Amino acid sequence: MSITAGLETYLVGGAVRDRLLGRPVNERDFVVVGATADDLLTRGFRQVGKDFPVFLHPETKDEYALARTERKTAPGYHGFAVHAEPDVTLEADLQRRDLTINALAEDPSGVLIDPYGGLADLRARVLRHVSPAFAEDPVRILRVARFAARFHALGFGVAPETLDLMRSMVDAGEVDALVPERVWQEWARALGEDRPSRFFEVLRECGALARLLPELDRLWGVPQPAKWHPEIDTGVHTMLVVDMAARLSPLIEIRFAALCHDLGKGTTPAEILPSHKGHEERGVALLEFICERFPIPARFRELARITARYHGLTHKVDELRAATVVDLLEGADAFRRPERFHRMLTACEADYRGRTGYAERAYPQGETLRRLHAAAAAVDVGAIARAAGEPRLIRQRTHEARVAAVKTAGAGRSQRPRS
């Protein structure tokens with residue numbers, strides 16, 4: 001006999017939604033109505049977490065949660081009192097969910113339960129909040145933005161009344177109570193979507209981006225030279241770049257580097273616009289501020305740092321002296337971390353192609369730098385060390401040998417944009 005026999009269980013949330021959308025179902029979550037924690041524990045379920053009554057099926061490892069309601073008790077993500085007793089109905093449990101398309105359930109026989117119009121909103125391609133209780137949890141702002149990124153290709157948009165509610169939450173300071181770990185979790189997941197730009201655009205539309213990432217938010221409205229940036233607006237360009245990065249690579253750290261490559265343009269002195277001299281170093285400093293606020297992994301931070309610092313030089317590699325090319329390679333730590341350097345070149349390609357009219361262009365600068373890097377990396381450092389005699393000469397002579405190798409390899413010419 002199944003260990004769930006006799007329990008009133010329903011498949012809920014994303015599994016139901018994604019099946020109806022014809023998308024792969026990777027996780028199956030269930031709600032149990034009319035039961036207690038002891039009922040599940042005695043059947044072999046294992047409770048996970050402290051805040052919510054969620055249990056793992058001992059065989060399938062699917063999540064089973066007791067039907068519950070939540071009451072707001074304090075600002076922020078953790079400010080809730082949870083009621084999970086046998087008297088909580090399925091409809092009450094579904095009402096506490098964020099969006100109508102996530103408030104769908106299915107009984108064991110496959111019958112759909114849809115008390116809040118989720119099926120109609122799926123068909124209309126609308127992201128709409130279930131109830132005014134949406135406003136009690138600021139994480140829902142991030143989730144709506146992430147779903148907008150995930151389902152953009154299917155034509156989904158945020159309902160105007162939901163966007164208005166999100167704006168009122170921002171105005172009430174709810175976003176300021178979000179913990180950095182939760183923000184980064186949603187941010188990273190959004191970067192993994194096919195259209196990550198929608199995450200940031202939706203946050204900007206409701207005012208949350210200015211609170212969470214002012215370094216990114218201030219890029220909108222900042223002009224760039226139309227000759228190299230037909231889209232002109234730096235914020236628009238940045239969104240094109242992050243979406244191009246998503247097209248070029250599944251690696252989230254590359255997409256993060258692409259997102260953060262031009263932060264320095266938001267602090268360019270007004271008197272030199274639309275030029276952005278020195279934006280690379282300013283951008284590195286702003287990136288560091290962001291990484292201090294959020295728990296961003298070291299590999300993301302390091303890749304984003306070298307991308308912000310060296311994307312301008314990378315674009316004009318065909319104009320650089322051999323010594324400058326080697327300075328770039330050494331500064332980016334390309335000889336010790338070649339894989340990271342190649343990821344930087346992918347982020348730079350996203351920058352080049354992430355502008356109006358450039359999406360299908362080739363990026364010969366990337367291949368040029370890969371070729372020059374290979375030539376410089378072939379230098380026999382061991383032989384140089386043995387011949388140097390004095391340890392203090394090894395670094396200088398290695399550099400000189402790499403410069404000679406790059407000269408021999410040649411830099412070529414390519415059509416390049418300004419940074």
Side-chain angles (χ1 to χ4, degrees), residues 23-24 26 145-146 148-153 184-201 213 216 219 231 235-263 280 283-284 287 290-291 294 296-315 317 328-329 332-374 377 414 416-417 419:
R23 291 169 59 91
N26 298 317
R146 177 165 58 81
R150 174 177 297 180
F151 296 135
H152 176 80
W184 171 245
Q185 183 182 42
E186 293 294 329
W187 179 2
R189 293 179 70 180
L191 285 172
E193 305 294 352
D194 291 339
R195 191 68 176 268
S197 63
R198 285 300 298 148
F199 177 77
F200 304 102
E201 289 166 350
L213 287 170
L216 181 64
L219 295 181
E231 69 286 347
V236 173
H237 165 61
T238 300
M239 295 299 95
L240 292 171
V241 173
V242 74
D243 284 345
M244 180 56 67
R247 174 177 164 183
L248 294 176
S249 174
L251 295 178
I252 297 176
E253 58 260 45
I254 291 177
R255 302 177 184 196
F256 177 76
L259 178 73
C260 297
H261 81 287
D262 261 352
L263 294 175
E280 294 92 348
V284 171
L287 170 68
I290 291 174
C291 292
F294 299 100
I296 294 168
R299 73 180 190 277
F300 286 64
R301 183 175 191 160
E302 292 164 0
L303 178 60
R305 183 188 294 120
I306 62 172
T307 301
R309 178 168 286 140
Y310 294 115
H311 66 276
L313 284 176
T314 298
H315 291 327
V317 60
L328 188 165
L329 296 173
D333 207 10
F335 301 111
R336 293 196 310 163
R337 304 284 298 276
E339 184 178 22
R340 188 182 68 185
F341 176 70
H342 292 305
R343 290 175 181 175
M344 184 200 83
L345 294 180
T346 301
C348 290
E349 179 177 352
D351 178 30
Y352 177 89
R353 296 173 61 184
R355 53 192 87 196
T356 304
Y358 283 67
E360 303 307 322
R361 293 195 185 187
Y363 186 62
Q365 296 94 320
E367 286 309 309
T368 296
L369 261 174
R370 289 183 179 93
R371 175 170 54 82
L372 298 178
H373 172 247
S414 61
R416 54 108 178 138
S419 60

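Keep in mind it's a predicted model, so treat the numbers as computed, not measured.
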*Asks:* Indicate yes or no: at least one non-hydrogen side-chain atom of Tyr358 is less than 4.5 angstrom from one of Asp351.
*Replies:*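 They are not in side-chain contact.
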*Asks:* Search all heavy atoms of Leu263 against all heavy atoms of Leu219 and return the closest pair with its distance.
*Replies:*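 Closest approach of Leu263 to Leu219: O-CD2, 3.8 Å.
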*Asks:* At their closest point, which heavy atom of Leu369 faces which heavy atom of Leu329, and how far apart are they?
*Replies:*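 Result for this residue pair: CD2-CD2, 4.2 Å.
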*Asks:* Quick one: which of His315, Glu349, Arg353 gives a side-chain hydrogen bond (donor to acceptor under 3.5 Å, both in side chains) with Tyr363?
*Replies:*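 Exactly one pass, corresponding to His315.
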*Asks:* Decide whether Asp262 and Thr238 meet the rule of one side-chain donor and one side-chain acceptor closer than 3.5 Å.
*Replies:*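 Their side chains do not contain a donor-acceptor pair, so the 3.5 Å distance test is not met.
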*Asks:* Does the Arg247 side chain pair with the main chain of Asp243, one donor and one acceptor, at a distance under 3.5 Å?
*Replies:*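 No.
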*Asks:* Under the side-chain hydrogen bond (donor to acceptor under 3.5 Å, both in side chains) rule, collect the residues that match up with Asp194, sequence neighbours excluded.
*Replies:*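 Once residues adjacent in sequence are excluded, Asp194 has no partner under the side-chain hydrogen bond (donor to acceptor under 3.5 Å, both in side chains) criterion.
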*Asks:* Does some side-chain heavy atom of Leu303 sit less than 4.5 Å from a side-chain heavy atom of Leu251?
*Replies:*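 Result no, sub-4.5 Å side-chain heavy-atom pair not found.
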*Asks:* Within the structure provided, determine whether Leu287 and Phe256 are in side-chain contact (heavy-atom separation under 4.5 Å).
*Replies:*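 Yes, their side chains come closer than 4.5 Å.
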*Asks:* If you look at every heavy atom in Glu193 and Pro196, which pair is closest and at what distance?
*Replies:*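 So the minimum-distance heavy-atom pair works out to O-CD, 3.2 Å.
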*Asks:* Kindly give the heavy-atom pair with the smallest separation between Phe335 and Ala377, and that separation in Å.
*Replies:*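 Closest approach of Phe335 to Ala377, heavy atoms only: CE2-N, 3.7 Å.
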*Asks:* A side-chain contact here means heavy atoms from C-beta on lying under 4.5 Å apart; do Ile252 and Phe300 qualify?
*Replies:*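 Side chain of Ile252 against side chain of Phe300, heavy atoms only: contact under 4.5 Å found.
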*Asks:* In Å, rounded to the nearest 0.5 Å, how long is the span from SG of Cys348 to CG of Leu313?
*Replies:*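 So the gap between those two atoms works out to 9.5 Å.
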*Asks:* Would you call Thr314 and Met344 a side-chain contact if the rule is heavy atoms closer than 4.5 Å?
*Replies:*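 When only atoms from C-beta onward are counted, Met344 and Thr314 do touch, with a gap below 4.5 Å.
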*Asks:* One thing to verify: whether Glu186 and Arg150 come together as a salt bridge, which I'm taking to mean a side-chain N less than 4.0 angstrom from a carboxylate O.
*Replies:*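 No salt bridge links Arg150 with Glu186.
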*Asks:* So, using side-chain hydrogen bond (donor to acceptor under 3.5 Å, both in side chains) as the criterion, who are the partners of Arg370 when residues are at least two apart?
*Replies:*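 So Arg370 forms a side-chain hydrogen bond (donor to acceptor under 3.5 Å, both in side chains) with Glu367.
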*Asks:* Do His261 side-chain atoms and Ala258 backbone N/O form a donor-acceptor pair below 3.5 Å?
*Replies:*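 Checked: pair present.
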*Asks:* Just jot down the side-chain hydrogen bond (donor to acceptor under 3.5 Å, both in side chains) partners of Arg189, sequence neighbours excluded, or say none.
*Replies:*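 side-chain hydrogen bond (donor to acceptor under 3.5 Å, both in side chains) list for Arg189, sorted by chain: empty.
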*Asks:* Give the C-alpha distance, both sets of side-chain angles, the deciding distance and a yes or no for side chain to side chain contact (heavy atoms under 4.5 Å, CB included) between Leu240 and Thr356.
*Replies:* CA-CA 8 Å; Leu240 292 171; Thr356 304; 4.2 Å; yes
*Asks:* Would you say Arg255's side chain and Ser249's backbone share a donor-acceptor pair under 3.5 angstrom?
*Replies:*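 Here the side-chain-to-backbone pair exists.
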*Asks:* To check you understand the geometry: which heavy-atom pair defines the closest contact between Val236 and Glu231, and what is its length?
*Replies:*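 Looking at all heavy atoms of both residues, the shortest contact is CG1-CB, 4.1 Å.
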*Asks:* Hey, what do you get for CG (Leu259) to CD1 (Ile254), rounding to the nearest 0.5 Å?
*Replies:*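 Result: 14.0 Å between the selected atoms.
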*Asks:* Is it the case that the side chain of His152 and the backbone of Ala148 share a donor-acceptor pair, with hydrogens and angles ignored and the cut-off at 3.5 Å?
*Replies:*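 No.
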*Asks:* Is there a side-chain contact between Arg23 and Phe151 (heavy atoms, below 4.5 Å)?
*Replies:*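 Touching, per the 4.5 Å side-chain cut-off.
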*Asks:* Return the orientation label for the Trp187 and Phe294 ring planes: parallel under 30°, perpendicular over 60°, tilted otherwise.
*Replies:*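 Perpendicular.
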*Asks:* Looking at Ala334 and His373, what are the two nearest heavy atoms and their distance?
*Replies:*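 The answer is O-NE2, 3.0 Å.
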*Asks:* Could you give the distance from CD (Glu253) to CD (Glu302), rounded to the nearest 0.5 Å?
*Replies:*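 One gets 11.0 Å once the value is rounded to the nearest 0.5 Å.
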*Asks:* Could you grab the distance from atom OG1 of Thr307 to atom CZ of Arg343, nearest 0.5 Å is fine?
*Replies:*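 Here the interatomic distance stands at 11.5 Å.
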